[in-house]
Amino acid sequence: MITHPDGTTTPVIDASVHIFSQSNKDLRSFMREPFKSRGFPDYEMDWYGAPGGEYLSKAEGPDRQYPGSDPEIVGKHIFDEGVADFAVLHPMTRGIMPDRHLGTAIAAAHNELMVTRWLEDNPYAEHFRGTIRVNPDDITGALREIAKYRDHPRVVQVAVPLQSRELYGKPQFWPLWEAAVEANLPVGVHIEVGAGVSFAPTPSGVPRTYENYVSFMALNFLYHLMNLIVEGVFERMPDLKFVWADGAADMLTPFIWRMDCFGRPHLEQTPWAPRMPSDYLPGHTYFVQGAMDGPGDTDFAGEWFGFTGKDDMVMYGSSYPHWQYNELKVPASYSDEQRDKLCWRNAAQLYGIDVGAGVGAQ
C-alpha cells in the first residue's frame, strides 16, 4: 500500500505480474505424452526481444532459472519491497501454436503449474490471484480448462493471446466468451512471448525493429475491441468483460470517437448492436496501465484519464519481471478518486478481491 504524508493509506492491486516456468524441462514436468516429448519454442524464441535485455536481472532464480519463476522471489519483490497488496498473475505461454492440440497442452501445463505452485503452496499464495490461459484455436480444450478451474477461489480470469489469427468478435469464439461469462471470469488479452503463429503485428506488415514492434503491438486491442462491438458480442453477452492487459488505454478515446462518428449513421449494417459504439465500453472494457502508457505526470493527465470514462476502466500493472517494470507513480493531476480507481478499486471490483480483508483501506 501507499502511505501518504497525512498518514492515510491507499491499497494497491498489481493487475499484471508475468510468471514463467523455471525452464522448458520444468514445464514439461506438468505435461503428459505425447506432448511432453514434442518440440516447442523456448521463451527466448522471440523475434522482438528488447535490445538491453527483456527482464529484470534481480528476478532470476538462485540457479539462473527463468525470471519470474520463483513465487518467493516474486512475492518478496512485489509485496515486501514493493507497494502491492495483491497481484494478478499472467502465465506466459507460447502464443498460438500451429498444432492446436500442442497449444492447448502447453496452456494446460502453465495453468497447473500456476495453481499448484503459486496459488496454493507458497508463503505469498493468499496474495496472488491467477489467470488461466486457454487456446482460442481449440474451443473444446479451452472450455475444458475453464470447467476445471472456474471454482478455484483464487482463479479470477481467463486469458487468450493478443496475437490471434482471427478477430475475437467472430462467432467461432462465442462459446468461449459465453463460458467465461457463465464462470464469472473476465477475459484477459495479453501479448504473448515466443514464436507462435499470428497475423502481422502492424497494419503495414512485419516491423524490422523492437521499437517499431513494441510501440504498436498493444494497439492490436483496437482490432479486437471494434470487432466485438460491431459483431454485437457485448449486446449478446451483457456480462462479458474484456481486459486489454498490455495497455494503450490512452489510445481508446480518439479511436472510439471516430467509431461513434462513422458507426451511428450506418446502423443498418449492424442492427444487432443498436447503441452508439462508445455505449458498449462501460462495464465491458478494462485496461492495465503500464510504464509506457499515457501522457505521464502532466497537468492534463487527469483530464485525459477521465475522457471516455477511462478512469473507470484502467488498473495499475507493473509488468514484472519485464524491463519496463512499472513502479507505481500516480500523476499529481489525478483526483483522489482517480488515484483510488487506478491503484485498487477498479481491480477489486472486477476480480472480486476483498481488499479490506487483507489491508486497512482508508
Apply side chain to side chain contact (heavy atoms under 4.5 Å, CB included) to W118 and V74, showing your working. CA-CA 10 Å; W118 293 77; V74 174; 3.6 Å; yes
Do F221 and F287 make the cut of ring centroids closer than 6.0 angstrom? yes
Of R32, R133, R117, the one forming a salt bridge (charged side-chain N to carboxylate O under 4.0 Å, His left out) with E112 is R32
List in chain and number order the residues that pass salt bridge (charged side-chain N to carboxylate O under 4.0 Å, His left out) with E303, two or more places apart in sequence or in another chain; answer none if no residue qualifies. none
Within-4.5 Å side-chain heavy-atom neighbours: V187 and V243: no
So that I can tick it off, tell me whether R275 and E235 are bridged by a salt bridge, with the cut-off set at under 4.0 angstrom between side-chain N and carboxylate O. yes
State the CE-NZ distance between M31 and K36, to the nearest 0.5 angstrom. 9.5 Å
Considering all heavy atoms of both residues, which atom of A273 and which atom of G232 are nearest to each other, and what is their separation? CB-CA, 4.0 Å
Look up atom CG in L252 and atom CZ in F307, then write down how far apart they are to the nearest 0.5 Å. 12.5 Å
Dump the intermediate steps for side chain to side chain contact (heavy atoms under 4.5 Å, CB included) on D121 and V115, then the final yes or no. CA-CA 9 Å; D121 187 23; V115 169; over 6 Å; no
Only one of D293, T298, D297 passes side chain to side chain contact (heavy atoms under 4.5 Å, CB included) with P295; say which it is. T298
Closest heavy-atom pair and its distance - L143, A179: CD2-CB, 3.4 Å
Over 12 non-hydrogen atoms of neighbours within 6.0 angstrom of CG in D279: yes
Ion pair E231/R236, N-O distance below 4.0 Å: no
Is the distance between the ring centroids of Y320 and H77 under 6.0 Å? yes
Taking every heavy atom of P71 against every heavy atom of Y124, the minimum-distance pair comes out as O-CD1, 3.9 Å
Exercise: identify the closest heavy-atom pair between P11 and D85: CA-OD2, 3.4 Å
Once you round to the nearest 0.5 Å, how far does CZ of R94 lie from CG of N135? 13.5 Å
Taking D26's backbone N and O only, do any of them form a donor-acceptor pair with S29's side chain (distance below 3.5 Å, no angle check)? yes
Taking all atoms of both residues into account, what is the closest heavy-atom pair of I73 and K58, and its distance? CG2-O, 4.1 Å
Is R38 salt-bridged to E33, cutoff N-O under 4.0 Å? no
Chi angles and distances behind the side chain to side chain contact (heavy atoms under 4.5 Å, CB included) call for D250, W304: CA-CA 8 Å; D250 48 310; W304 186 250; 3.7 Å; yes
Can you confirm whether more than 12 heavy atoms, excluding those of D299, are under 6.0 Å from its CG atom? no
Residue set satisfying salt bridge (charged side-chain N to carboxylate O under 4.0 Å, His left out) with D246, at least two apart, ordered chain then number -> none
Go through it in stages, so that I can follow the logic: the residues are Q65 and S23, the test is side chain to side chain contact (heavy atoms under 4.5 Å, CB included), and I'd like the CA-CA distance, side-chain angles, deciding distance and then a yes or no. CA-CA 6 Å; Q65 295 96 335; S23 63; over 6 Å; no
Write out all pairs satisfying salt bridge (Lys or Arg N to Asp or Glu O under 4.0 Å) with one or both partners inside residues 142-160, taking only residues at least two apart or from two chains. R150-E182
Quick one: sort the Y168 and W177 rings into parallel, tilted or perpendicular, breaks at 30° and 60°. perpendicular
Are F216 and V206 connected into the same hydrophobic cluster when the rule is that any two of I, L, V, M, F, W, Y join if their side-chain heavy atoms are below 4.5 Å apart? yes
For the pair F79 and H127, name the ring-plane relationship: parallel under 30°, tilted 30 to 60°, perpendicular over 60°. tilted
I'd like to know if the side chain of N346 and the backbone of V314 have a donor-acceptor N/O pair within less than 3.5 Å. yes
Is any side-chain heavy atom of R345 closer than 4.5 Å to one of E337? no
Does the side chain of D340 come within less than 4.5 Å of W344's, by heavy atoms? yes
Given the side-chain rings of F30 and F35, with only the six-membered ring counted for Trp, is the space between their centroids under 6.0 Å? no
State the CG-CD1 distance between L176 and I139, to the nearest 0.5 angstrom. 4.5 Å
Please check if the number of heavy atoms outside R165 that lie under 6.0 Å from its CZ is greater than 12. yes
Could you check if a side-chain atom of P331 sits within less than 4.5 angstrom of a side-chain atom of R339, using non-hydrogen atoms only? no
Transitive ILVMFWY side-chain link W272 to V181, under 4.5 Å: no
Going by heavy atoms in the side chains, are H110 and L27 under 4.5 Å from each other? yes
Can you confirm whether C343 sits close enough to V330 that some side-chain heavy atom of one is under 4.5 Å from a side-chain heavy atom of the other? yes
Can you see whether Y334 engages D311 through a side-chain donor-acceptor pair at a distance of less than 3.5 angstrom? no
Regarding D260 and S278, is there a side-chain donor-to-acceptor distance under 3.5 Å anywhere? yes
Tell me the closest heavy-atom pair linking I146 and A183, and the distance in Å. CG2-CB, 4.0 Å
Ring pair (Phe, Tyr, Trp, His ring centres under 6.0 Å) partners for Y213, two or more places apart: Y48
For T131 and Q157, test the side chains for any donor-to-acceptor distance below 3.5 angstrom and give the result as yes or no. yes
Heavy-atom check, side chain of S21 versus side chain of M92, under 4.5 Å: no
Is it the case that T104 and D138 place a side-chain donor and acceptor less than 3.5 Å from each other? yes
Residues forming a salt bridge (charged side-chain N to carboxylate O under 4.0 Å, His left out) with R208, sequence neighbours excluded: none
Looking at side-chain heavy atoms only, is the closest gap between R129 and L89 below 4.5 Å? no
Establish, yes or no, whether a centroid distance under 6.0 Å links the rings of W244 and F242. yes
Distance, nearest 0.5 Å, that separates CG of L162 from CD of E192: 10.0 Å
Sequence neighbours excluded, which residues qualify as salt bridge (charged side-chain N to carboxylate O under 4.0 Å, His left out) partners of D312? K341
State the CD-CG distance between Q289 and N326, to the nearest 0.5 angstrom. 7.5 Å
Where the side chain of S335 meets the backbone of Q338, is there a donor-acceptor pair that is under 3.5 Å apart? yes
